[in-house]
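Chain naming here is simple, since letters A, B, ... match the order of the sequence lines and numbering starts at 1 in each. What you see is a predicted model; the values in this text were computed from it and never measured.
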Amino acid sequence: MNWILLIEQTLNGLQLGLLLFLLAAGLTLVFGIMDLVNLAHGSLYMVGAYFAATFTAWTGSFVYAVVLTLPATLLVGAVVEIVCLRSLYDRDHLDQVLATFGLILFFNELVRLVWGPAGLSVPLPEFLSSSLELAPGLIYPSYRLAIIIASLLAAFFLYWLVARTRIGMLIRAGASNREMVGALGVNIRFLFTIVFGLGAALAGLAGLMAAPISTVEIGMGENVLILAFVVIVIGGIGSIRGAFVSALLIGLIDTVGRAFLPDVIGGFFDDEFADAAAPALASMSIYLLMAVILAFRPEGLFSARNG
Amino acid sequence: MQMIRFGFIALVMLALAAVPAVATAIDEPFYISLFTRMLVLAIAASSLNLVLGYGGMVSFGHAAYLGLGSYVVGVGFYHAANDGMDWALNGWLHLALTIIIPGLAALLIGAISLRTRGVYFIMITLAFSQMLYYFFIGLERYGGDDGLSLWYLSDFGSVMDLNDDSQLYYLAYGLLVLVLFILYRLVNSRFGMVVRGAKSNERRLMAVGFPTYRYRLVAFGISGAICGVAGFLMANQSEFVSTSEMHWVHSGDLIVMVVLGGMGTLFGPVLGAVGFLMLEQYLPELMEGICHIIGGNSCGIAGEYWKMVFGPLLILIVLFARGGIDGLLQGKVGRNV
């Protein structure tokens, strides 16, 4: 086996996993605290990517685009929460699924109206467009490394915010008993808006970081959203720690599986079968993992209620 | 109110029965294919209604069974066309397999998914349907991403010819009536009572001694099998099989149809499927028309972006008209119906 390729694919998997974590963290926070299933979370990811494309074109700098995109997606999230989602908190999950499904349709059309049906591409920022030699023979694009570092920083920030600050204390309290938090005089509606905006900003961050290495297009958030669902189902809904662990797990298995499964299957069966089966099996692997984990732990690896 | 409701439903069913004759008379064959699609989706929505409306299981993955059913036809066609296996086009075989394979898949997926509750269930059914979606994209042999065009349809010998649009339409109509009859008998049987009871209070039913998991699982399997039959019809109607039918957005569309028509009512999903496709077909024209009436310019755009109205419309239906069309017919408006 080729070690350099393995390390490279592991880094790719880490990067995918961390991006998924940024999405899943917002989803799991919103679910844990507001008890809201938000299908439109992927739309915020898409909106983040489109904002990044526009702001990069306006300012000519990816860094300025980052600085502008984060508050912009936070604002979009807050507006969506106030206008639409606020009235859904006390509804059952089916209502929430339907209404946020409607939001997806709305956002896709809105983006098509504003930015047009064609996909956009965002140029790599100048200072990150080179590659680094991490070890002899191991050359890795510096932009992808930057994604890993930035996502880790965001994850640490989230940890600090939730575990060490007053607002984080309220978030944790809200997750375990929101009626009681409200009864103690905390402005729970404002807290919800903040949390939703925070989740939106994290999704926007994931979208803007993914923008230069993928095409910015309508519907880009929907496939990622399903992966994020798998992540939080495996991790245990409402648990940020669970989301982190399972996001890395999913990212690694998906990436490494796609890279090496054809070789592994080719070792056992003839080539024709391996060529036909490997891509199909590789794309199924994370769902099979989910099925296995849920068969043993229906509540996910880390349940929010006990850890 | 009940009279109005039954009258309306009878009227819709009668009108549906007359579609091919009317479409031929006014020389608009397009209507036959539009209404065949309505019937097909009505069957699919009815199957979802069994688990969603009567059983309270929010399955967000029913497009997978629809897709599996259509792939039975597609795979049969592929081998008949490329390997000379003529028996693989046999319509009766297709029909049997579109019941068995999606049914078994639903039993498997249900066996794992039903161990969980609430949001977990929604997300897991969604994830499994995506798994099947990617599985078929990975199968290059049967077209992968591009899908398969069917040159030959399911072959029923001298009994009927599915190339004739009217015959296909009446097959779909007959199957819809049959499905509705089966569902009617099912939900009013002892089995149906348990499934419905498990929706309102599962713990109590378990305490009485019913193994609710098994009842729900069987209901889930039956639902998948019925949905597979809709897939069989869909493949023969569109003469094309592709993974796009399995995309999760279509699972969402099916839920919308059930809720739009009225959950947990026998004819609700039929009304919902008809209403949904009517909206899809005529909302663009309607918006363009309204735009002209209020004197806007470049009204073509208004029609093109109809989903910007459809999305919020969906939210409003959820918020203010939970009973759907059937609820309106019964005179129930508002959220607690």
So what's closer than 4.5 Å to chain A heavy atoms on [X]: side chain, backbone, both or neither?
X      : result
B/Y133 : neither
B/V259 : side chain
B/R141 : neither

side-chain contact (heavy atoms from CB on, under 4.5 Å), that's the test. Do B/I315 and A/L88 meet it? Break it down for me.
CA-CA 10 Å; B/I315 300 175; A/L88 289 169; 5.8 Å; no
Hey, are the side chains of [X] and [Y] touching, using non-hydrogen atoms and a 4.5 Å cut-off?
X      : Y      : value
B/M308 : A/L113 : yes
A/V233 : B/T116 : no
B/L132 : A/M284 : no
B/M123 : A/V37  : yes
A/M290 : B/I124 : yes

A/L94, A/L103, A/V230: which one forms the most heavy-atom pairs within less than 4.5 Å of chain B?
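Highest number of heavy-atom pairs under 4.5 Å: A/L94.
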For each of A/C84, A/G219, A/A291, tally heavy-atom pairs with chain B at distances under 4.5 Å, and name the one with the top tally.
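The answer is A/A291.
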Can you classify the ring geometry of B/Y134 versus A/Y287 as parallel (below 30°), tilted (30 to 60°) or perpendicular (above 60°)?
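Parallel: the ring planes of B/Y134 and A/Y287 meet at under 30°.
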Could you go step by step and tell me if A/E109 and B/V309 meet the side-chain contact (heavy atoms from CB on, under 4.5 Å) rule?
CA-CA 9 Å; A/E109 292 296 295; B/V309 173; over 6 Å; no
Option that, when pairs with chain A are counted at under 4.5 Å, heavy atom only, ranks first among B/F136, B/W248, B/F128, B/F60:
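That would be B/W248.
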I'd like to verify something: which residue of B/V58, B/I112, B/V119 has the highest number of heavy-atom pairs under 4.5 Å with chain A?
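If we count pairs closer than 4.5 Å to chain A, B/V119 comes out on top.
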Counting only heavy atoms not in B/R214, do more than 12 fall under 6.0 Å of its CZ?
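At most 12 heavy atoms, drawn from other residues, nucleotides or ligands, come within 6.0 Å of this atom.
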Within a reach of under 6.0 Å around CE of B/M85, are more than 12 heavy atoms found that belong to other residues, nucleotides or ligands?
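Atom CE in B/M85 is packed in, count exceeds 12.
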Within the side chain of B/Y120, is there an N or O that forms a donor-acceptor pair under 3.5 Å with the backbone of A/I237?
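Yes, the answer is positive, given that a donor and an acceptor are paired below the 3.5 Å cut-off.
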With a 4.5 angstrom heavy-atom cut-off, could you sort out which part of [X] is near chain B: side chain, backbone, both or neither?
X      : answer
A/L39  : side chain
A/D92  : side chain
A/F31  : side chain
A/L110 : both

Taking atom [atom1] of [X] and atom [atom2] of [Y], what is their separation to the nearest 0.5 Å?
X      : Y      : atom1 : atom2 : answer
A/E222 : B/Q130 : CD    : CD    : 9.5 Å
B/I255 : A/L98  : CD1   : CG    : 6.0 Å
B/L314 : A/I104 : CG    : CD1   : 10.5 Å

Mind running side-chain contact (heavy atoms from CB on, under 4.5 Å) on B/H247 and A/N223 for me, showing each step along the way?
CA-CA 10 Å; B/H247 196 261; A/N223 295 328; 4.0 Å; yes
What verdict does the side-chain contact (heavy atoms from CB on, under 4.5 Å) test give for B/V249 and A/F101, after you've listed the backbone C-alpha separation in whole Å, the side-chain angles of each residue and the deciding distance to 0.1 Å?
CA-CA 9 Å; B/V249 170; A/F101 185 70; 4.0 Å; yes
